[in-house]
There are 2 protein chains.
Amino acid sequence: MSARRGTPLTIEEICSTAVRLIDESGVEGLSMRKLAAELDVNPMSLYHHVESKEALLGLVCATAAERMHMPPDDGSPWQEQLKALGLAYHRHALEHPALWGYLHTHPQLISDHRLAIWQTLYRILRLAGVPESELPRTSEILNAFVAGVIVAETQGRLSDDPEEIDRTFDLAVHLIINGMVSFSA
Amino acid sequence: MSARRGTPLTIEEICSTAVRLIDESGVEGLSMRKLAAELDVNPMSLYHHVESKEALLGLVCATAAERMHMPPDDGSPWQEQLKALGLAYHRHALEHPALWGYLHTHPQLISDHRLAIWQTLYRILRLAGVPESELPRTSEILNAFVAGVIVAETQGRLSDDPEEIDRTFDLAVHLIINGMVSFSA
DNA sequence: ACCTGAACACCGTTCAAGT
DNA sequence: ACCTGAACACCGTTCAAGT
């Protein structure tokens with residue numbers, strides 16, 4: 001039997017449809033069978049492009065992490081750049097809350113420190129006076145802090161009044177920056 | 001047909017067995033059917049004690065949170081008390097990593113601020129000079145920070161050398177306390 | 001009140017077969 | 001190379017029936 005559709009499946013199509021389904025009904029609402037139905041394809045066809053559901057989720061998270069837009073080095077003080085990075089992270093996560101919730105509970109998916117987000121964080125932390133040997137540890141912690149706040153937010157524990165959310169995120173950034181100040185002294 | 005076992009099922013027995021299975025193979029490794037088999041009971045018997053799998057996980061998390069041992073008010077400075085609370089949290093989470101991973105990604109499960117952990121945190125934050133109106137927000141953020149670090153740790157992103165873990169957690173506590181200092185000024 | 005088996009509507013994935 | 005249907009070994013949960 002030939003393909004049910006005109007064009008052949010591509011991995012990009014699979015990924016972007018998966019992201020849409022996850023946005024609509026969460027990671028636990030995504031199944032290989034629903035995804036295949038959405039693509040008008042036999043469930044098993046997916047397995048020619050992806051090794052397993054877990055691998056697909058990994059791929060989806062990796063592309064989401066790569067697509068995150070990084071604030072450029074504009075020469076401003078590290079405090080401002082750190083805040084800008086936090087806000088970029090925050091904004092991106094709010095666009096795909098369920099996906100980032102999954103990503104943050106499977107941190108091995110963004111453990112590669114060559115990713116743009118880590119490189120940007122390293123650059124800002126150097127600016128803040130963090131010694132080279134402490135960069136991995138410090139960046140992991142700051143990432144964990146932000147991840148924790150984003151999970152709390154996207155999983156709906158924090159208020160859903162946007163102004164309240166902003167004030168809360170501001171406080172988080174404020175706390176982190178104050179904590180960092182001891183390194184730049 | 002009568003019960004396969006001598007004694008009748010209790011909710012406590014269900015919970016503690018669920019915790020054991022989660023410790024052994026993670027939340028995604030727990031199924032109602034496996035749990036029933038472990039209890040030597042028909043899968044459907046569980047539903048006379050628990051409304052659904054989700055409700056069971058909520059109950060398991062709630063009892064875990066209640067059981068957490070809180071450091072008492074020993075009159076020491078807030079910095080030390082905050083550190084002690086963080087360590088208690090950390091130790092407890094490392095005993096049941098999978099469970100706390102689940103708990104932290106379903107933060108509504110510990111959103112009740114009457115829980116001992118919140119009351120203890122409130123007390124310490126008051127000591128640190130946080131104004132009453134800022135207590136909920138500040139405690140949510142600090143909890144999110146610690147949750148993020150614990151998820152990163154238990155999900156195995158951070159090193160598994162115990163000494164390294166301790167240094168990393170120390171840095172996290174250090175950052176948080178430094179960040180808080182601005183409130184007690 | 002508590003427990004049971006059969007059944008329903010789903011899963012992810014393997015396999016052998018098709019083009 | 002890419003896709004397919006049938007099948008396997010699982011899920012959570014409903015329901016009607018048993019004691």
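Reminder, nothing fancy here: chain letters follow the sequence lines and each chain counts from 1. As the structure is a computational prediction, the values presented were derived from the model and not from experiment.
The shortest distance between the side-chain N/O atoms of B/Asn42 and the OP1/OP2 oxygens of C/dG5 is below 4.0 Å. Remark: A/His49 is in phosphate contact with D/dC3, judged by side-chain N or O atoms under 4.0 Å from OP1 or OP2.
Residue contacts shown for B/Met32 are limited to sugar-phosphate atoms, with no base heavy atom under 4.0 Å away.
Base-pair partner of D/dC8: C/dG12 (Watson-Crick or G-U wobble, both distances under 3.5 Å). Nucleotide D/dA1 is matched to C/dT19 when pairs are restricted to Watson-Crick or G-U wobble geometry with both distances under 3.5 angstrom.
Between C/dC2 and D/dA16, the two C1' atoms lie 15 Å apart (nearest whole Å). C/dA1 and D/dA17 have their C1' atoms separated by 15 Å, given to the nearest Å.
When distances run from any side-chain atom of A/Ser31 to the nucleotides C/dT4, C/dC11, D/dT4, the shortest one goes to C/dC11. Side-chain atoms of B/Met44 lie closest to C/dA6 of the nucleotides C/dC11, C/dA6, C/dG12.
No chain of hydrophobic side-chain contacts below 4.5 Å, direct or via other Ile, Leu, Val, Met, Phe, Trp or Tyr residues, connects B/Phe145 to B/Leu94.
Here D/dT14 presents its C1' atom at 14 Å from CD of B/Glu51, a figure rounded to the nearest Å. In this structure, A/Leu9 atom CG and D/dC3 atom C1' are separated by 9 Å, rounded to whole Å. Across the protein-nucleic acid pair, A/Glu28 atom CD and C/dG12 atom P stand 13 Å apart, rounded to whole Å. Rounded to whole Å, the distance from CG on A/Leu46 to P on C/dT13 is 11 Å. A straight line from OH of A/Tyr47 to P of C/dC11 spans 11 Å, rounded to a whole angstrom. The interatomic distance linking B/Lys34 (NZ) with D/dG12 (C1') rounds to 14 Å, in whole Å. Counting to the nearest Å, the P atom of C/dC11 and the CD atom of A/Glu54 are 18 Å from each other. In this entry the distance linking CG of B/Asp40 with C1' of C/dT4 reads 13 Å, nearest Å.
Side-chain rings of A/Tyr89 and A/His104 approach one another, their centers coming within less than 6.0 Å.
Side-chain atoms of A/Lys53 come within 3.5 Å of backbone N or O of A/Leu30 as a donor-acceptor pair.
Comparing A/Ser45 and A/Arg33 by the nucleotide of DNA chain D that holds the closest heavy atom to each, the one mapping nearer the 5' end is A/Ser45.
Annotation: A/Glu51, atom CD; neighbour count of heavy atoms from other residues, nucleotides and ligands within 6.0 Å does not exceed 12.
A/Arg137 has a carboxylate O that lies under 4.0 Å from a charged side-chain N of A/Glu134, or vice versa, which qualifies the two as a salt bridge.
A donor-acceptor contact under 3.5 Å is formed by the side chain of B/His48 with the base of C/dC3.
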